[in-house]
There are 2 protein chains.
Amino acid sequence: MRVTGDQALVKKLNKSIVLDTIRRKGPLSRTDVSERTGLNKATVSNLTAELLEQKLVEETGPGESSGGRKPLMLLFNEAAGCAIGIELGVTLVKAALTDLKGGILLERSTPLGRHDPESAFAAIREVTVPLLEAAPDTPYGLIGIGVGVPGMVDEAGIILYAPNLGWEGIGLKTRLEAEFGVPVVIDNEANAGAAGEREYGAGRHVRHLVYVSAGMGIGSGMIIDGQLYKGARGYAGETGHMSIESDGRLCSCGSRGCWELYASERAYAYAEASEKNTAADDKNAAAADQASSLPSLTTRELTTRARDGHEETIAMYTEIGRRLGIGITNLVNGFNPEKIVVGGPLTEAKEWIEPAMLEAIAERALPYHRRELAISFSGLGSRSAVLGAAHLAVSQFLGRVRVSL
Amino acid sequence: MRVTGDQALVKKLNKSIVLDTIRRKGPLSRTDVSERTGLNKATVSNLTAELLEQKLVEETGPGESSGGRKPLMLLFNEAAGCAIGIELGVTLVKAALTDLKGGILLERSTPLGRHDPESAFAAIREVTVPLLEAAPDTPYGLIGIGVGVPGMVDEAGIILYAPNLGWEGIGLKTRLEAEFGVPVVIDNEANAGAAGEREYGAGRHVRHLVYVSAGMGIGSGMIIDGQLYKGARGYAGETGHMSIESDGRLCSCGSRGCWELYASERAYAYAEASEKNTAADDKNAAAADQASSLPSLTTRELTTRARDGHEETIAMYTEIGRRLGIGITNLVNGFNPEKIVVGGPLTEAKEWIEPAMLEAIAERALPYHRRELAISFSGLGSRSAVLGAAHLAVSQFLGRVRVSL
DNA sequence: AGACTTAGTTTATCCAATAGACAAAGTATT
DNA sequence: AATACTTTGTCTATTGGATAAACTAAGTCT
């Protein structure tokens with residue numbers, strides 16, 4: 001939508017700047033805010049007065065004097081409302097009730113046995129209702145629900161394609177909005193995770209961030225200039241289907257050599273197949289077909305084995321780490337992010353994956369890209385997506401105006 | 001830089017909107033502009049009055065009446081100034097003098113024999129001076145110079161690394177600004193090409209565009225939401241070093257299986273090596289070492305061969321096309337652009353490359369990404385980078401304010 | 001106690017967008 | 001040709017933001 005400039009826009013922009021400054025750097029005095037933002041003291045005073053009235057900001061009493069009148073400190077009022085973040089996983093539905101700063105008030109989860117939409121809706125209801133009931137009495141109440149789903153989501157919140165759930169074209173947003181009567185944001189699990197890490201985790205204060213979520217597949221959430229990049233239609237980030245082996249393993253997507261076949265839990269199946277076939281080889285059709293089915297072992301089981309010193313398992317994780325590094329290198333060279341954050345269930349095996357991953361990146365990434373690149377694992381653990389989803393709702397509630405010259 | 005809102009910003013924004021609307025959709029009447037932008041008629045009148053005074057807009061006389069007073073049509077005055085775009089190639093320096101709408105007024109080029117910076121400066125001077133002298137007398141004169149270079153450029157216009165020129169840390173921007181006394185913009189050749197195609201070529205009106213420039217290497221220019229995406233430090237787009245073969249050919253960058261070893265002119269060397277070694281194989285160390293040197297044949301020579309029906313050459317181009325398609329698929333899945341534009345010297349062999357490229361993309365790209373994806377070859381041919389570079393200068397001159405809610 | 005500092009508010013001013021009235025310049029109808 | 005209607009573009013008064021500067025409030029330092 002094209003936006004023209006008028007005074008309402010100016011006010012919206014400046015109010016958003018003031019709120020954001022207090023939220024991120026608070027507690028601050030009005031004068032601090034004025035100096036940090038460049039806005040006039042009077043402007044800050046007026047806008048904070050409105051924010052106080054809106055209960056989004058609180059005065060927390062006098063601060064330290066630096067040789068004159070004591071400042072009245074301002075703080076973002078994270079208790080002005082609450083949000084619910086939901087991660088719809090393939091086997092598990094997790095949800096958290098948070099305040100506006102991502103503080104967790106209550107969590108619930110339930111296993112997801114069947115994948116039909118009705119079962120999933122029931123599971124979502126099951127985890128959400130207790131949170132709704134436990135929600136504290138706040139000025140704004142529940143401001144929204146964010147959901148991270150394992151699939152592609154379009155701009156209208158329709159789940160276009162979620163292979164691991166067998167879903168196509170499910171209008172989750174409409175359904176949940178009707179059910180709970182609050183705004184709902186649906187996004188890809190990796191995008192939610194990226195938002196979570198960027199806001200509350202390992203990616204704070206990072207402008208250009210790529211979050212790589214490795215589990216049963218690989219997805220990436222890309223944050224460009226502080227904002228989720230969604231691409232032309234909202235499908236960006238399907239890096240799991242980046243081919244790192246032009247004529248490699250056949251993927252269910254129809255392509256070959258997809259990254260996630262080598263560097264996610266999906267790789268387990270190939271390792272299993274190669275254990276059975278002594279003459280195992282990617283070109284061995286039998287092994288490959290066998291492998292394209294789901295792995296029989298879970299990360300939990302395999303990390304136990306690795307901890308017991310099982311060499312083949314450790315070697316497998318080393319190879320997965322190397323392949324993760326190869327794919328990440330591709331993203332680094334193409335995107336030049338400031339930081340890469342790796343998360344998802346696979347990171348339970350971090351211990352055996354990390355060295356090979358870092359080595360591959362160190363050997364293969366372009367020198368200038370590598371030089372100013374930070375790499376870390378998820379700071380929120382298994383909560384990246386849930387907290388990110390909640391933040392998507394908060395972010396939409398608070399609004400944000402951005403100007404670039 | 002953080003920007004706060006005030007009336008100056010509002011005016012800048014709206015003026016930029018009015019100018020842009022006239023530039024892109026002109027000729028338009030004031031009323032047309034008002035309706036298209038949503039700005040009040042009076043506002044449009046005031047702003048156009050200033051634009052007329054600034055000579056950036058002209059009144060071209062009355063238009064067709066639709067049952068009332070005839071409108072006074074407004075047109076962007078592309079003759080208000082001129083720009084120079086330069087492409088610093090490895091073997092050739094090209095330059096064009098353009099008006100503010102990318103219309104070419106004069107072109108010059110000169111071969112680049114030696115690669116030391118002084119020789120390159122001399123070549124740039126050689127092509128630029130005649131253009132300066134031929135520049136018509138305009139209100140603003142020469143508004144700036146844009147340069148596309150085969151390497152990585154940082155935000156300050158320093159060429160950090162240009163392997164094909166053997167340059168590291170050359171301050172081209174400062175040097176040229178001192179020499180010509182006008183603002184200079186330096187960017188990667190692929191970024192310049194992307195800007196050119198987006199503004200004047202195959203990517204007009206496309207918000208999310210990836211331009212793939214294939215020549216002696218591969219570089220990409222990524223346009224996100226109408227703006228060049230540069231990454232954290234300005235090095236984004238080095239997709240030529242995306243590995244599409246994890247343990248493939250050894251690249252001079254230190255990595256393996258880099259895309260450009262398979263899908264650019266660099267692949268010629270491997271084809272030559274494999275012709276000589278009957279037992280040729282990527283794993284054959286001798287062949288690979290031999291190949292890592294530069295190819296002995298040029299695209300011009302090879303396309304001649306292909307035209308003559310030389311089967312091995314045609315097979316080589318088919319393979320290059322397939323590999324191009326594989327890499328493009330990776331970009332499409334990750335980026336979800338609206339359009340991919342392929343350009344660069346390699347596209348002279350389009351005839352033999354295109355079918356395999358399109359087939360690979362059709363087979364391998366994810367269905368939803370493919371469905372709304374357009375793919376085309378450069379609309380500006382060998383002028384993408386030169387025109388894009390000129391546009392970078394124009395764009396900086398005209399300024400642009402963007403707001404997102 | 002008095003001088004100085006710092007925090008935050010009040011006041012007058014400025015400036016751009018806007019709605020609506022209006023003037024200008026056409027077309028359509030009688 | 002006269003009149004009614006339409007469309008274009010300008011003019012005028014108003015609105016509502018930000019701002020600088022003056023001012024009040026409330027502290028510290030000597």
Side-chain angles (χ1 to χ4, degrees), chain A residues 2-19 21-22 25-53 57-75 401 403, chain B residues 2-19 21-22 26-54 57-75 401 403:
Chain A
R2 180 153 239 174
V3 180
T4 59
D6 59 4
Q7 295 198 330
L9 180 79
V10 169
K11 185 166 186 180
K12 212 164 162 180
L13 168 64
N14 288 342
K15 200 164 168 183
S16 158
I17 289 172
V18 170
L19 179 57
T21 306
I22 296 172
K25 317 280 169 129
L28 294 174
S29 70
R30 288 164 174 78
T31 305
D32 289 339
V33 175
S34 166
E35 280 166 3
R36 274 173 188 272
T37 60
L39 289 166
N40 188 282
K41 285 196 296 174
T43 308
V44 173
S45 261
N46 287 330
L47 293 174
T48 44
E50 288 189 23
L51 289 169
L52 284 166
E53 201 170 342
V57 164
E58 277 183 328
E59 281 181 339
T60 59
E64 284 298 288
S65 159
S66 56
R69 171 176 164 182
K70 283 185 183 169
L72 265 168
M73 303 313 275
L74 300 167
L75 205 57
V401 185
V403 175
Chain B
R2 181 152 237 176
V3 181
T4 59
D6 60 4
Q7 295 196 318
L9 179 80
V10 170
K11 186 166 186 180
K12 213 165 163 179
L13 168 64
N14 288 342
K15 201 163 167 183
S16 158
I17 290 173
V18 170
L19 180 58
T21 306
I22 296 172
L28 295 173
S29 71
R30 288 165 174 79
T31 304
D32 289 339
V33 174
S34 166
E35 280 166 3
R36 276 173 186 271
T37 59
L39 290 166
N40 188 281
K41 285 194 296 173
T43 308
V44 172
S45 260
N46 287 330
L47 294 174
T48 43
E50 289 188 23
L51 290 168
L52 284 166
E53 201 171 341
Q54 288 178 276
V57 163
E58 278 183 327
E59 280 181 339
T60 59
E64 283 298 287
S65 159
S66 55
R69 171 176 164 182
K70 284 184 182 170
L72 264 168
M73 304 313 276
L74 300 167
L75 206 56
V401 185
V403 175

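If you're wondering where the values come from, they're calculated on a predicted model, not measured in any experiment. So that the names make sense, note that chain A is the first sequence line, chain B the second, and so on, each numbered from 1.
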remark   = Contact string for nucleotides 18-30 of chain C, one letter per nucleotide 5' to 3', B = base within protein heavy-atom range under 4.0 Å, S = sugar-phosphate only, - = neither, reads BB----BBBS---
task = Say whether, by atom type as modelled, one donor and one acceptor occur between the side chain of A:S34 and the main chain of A:L39 under 3.5 angstrom.
result =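 Yes: the side chain of A:S34 pairs with the backbone of A:L39.
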inquiry  = Under a 3.5 Å distance rule, please check whether A:T48 uses its side chain to pair with a backbone N or O of A:L51 as donor and acceptor.
reply    = no
remark   = Of B:K12 and A:R30, the one whose closest nucleotide on DNA chain C sits nearer the 5' end is A:R30
remark   = On DNA chain C, more 5' by nearest nucleotide between A:P71 and A:Q7 is A:P71
Beyond-backbone contact of [X] with [Y], side-chain heavy atoms, under 4.5 angstrom:
X      : Y     : answer
A:V401 : A:I17 : no
B:D32  : B:S29 : yes
A:L47  : A:N14 : yes
A:E35  : A:K41 : no
B:R30  : B:L72 : yes

ask   = For DNA chain D, whose closest nucleotide is more 5', that of B:E59 or that of A:K11?
value =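 It is B:E59, whose closest nucleotide lies nearer the 5' terminus.
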ask   = Which residues satisfy the side chain to side chain donor-acceptor pair (under 3.5 Å) test with B:E50, sequence neighbours excluded?
value = B:K11, B:K15
inquiry  = Reading DNA chain D in the 5' to 3' direction, which nucleotide is the first one with an atom under 4.0 Å from a heavy atom of chain B, and which is the last?
reply    =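 Taking any atom under 4.0 Å from a heavy atom of chain B, the span is D:dT6 to D:dA18.
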task = Specify the separation, in whole Å, of atom NZ of B:K15 and atom C1' of C:dC15.
result = 14 Å
key: Between C:dG8 (C1') and A:L28 (CG): distance, integer Å   =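 It works out to 15 Å between those atoms.
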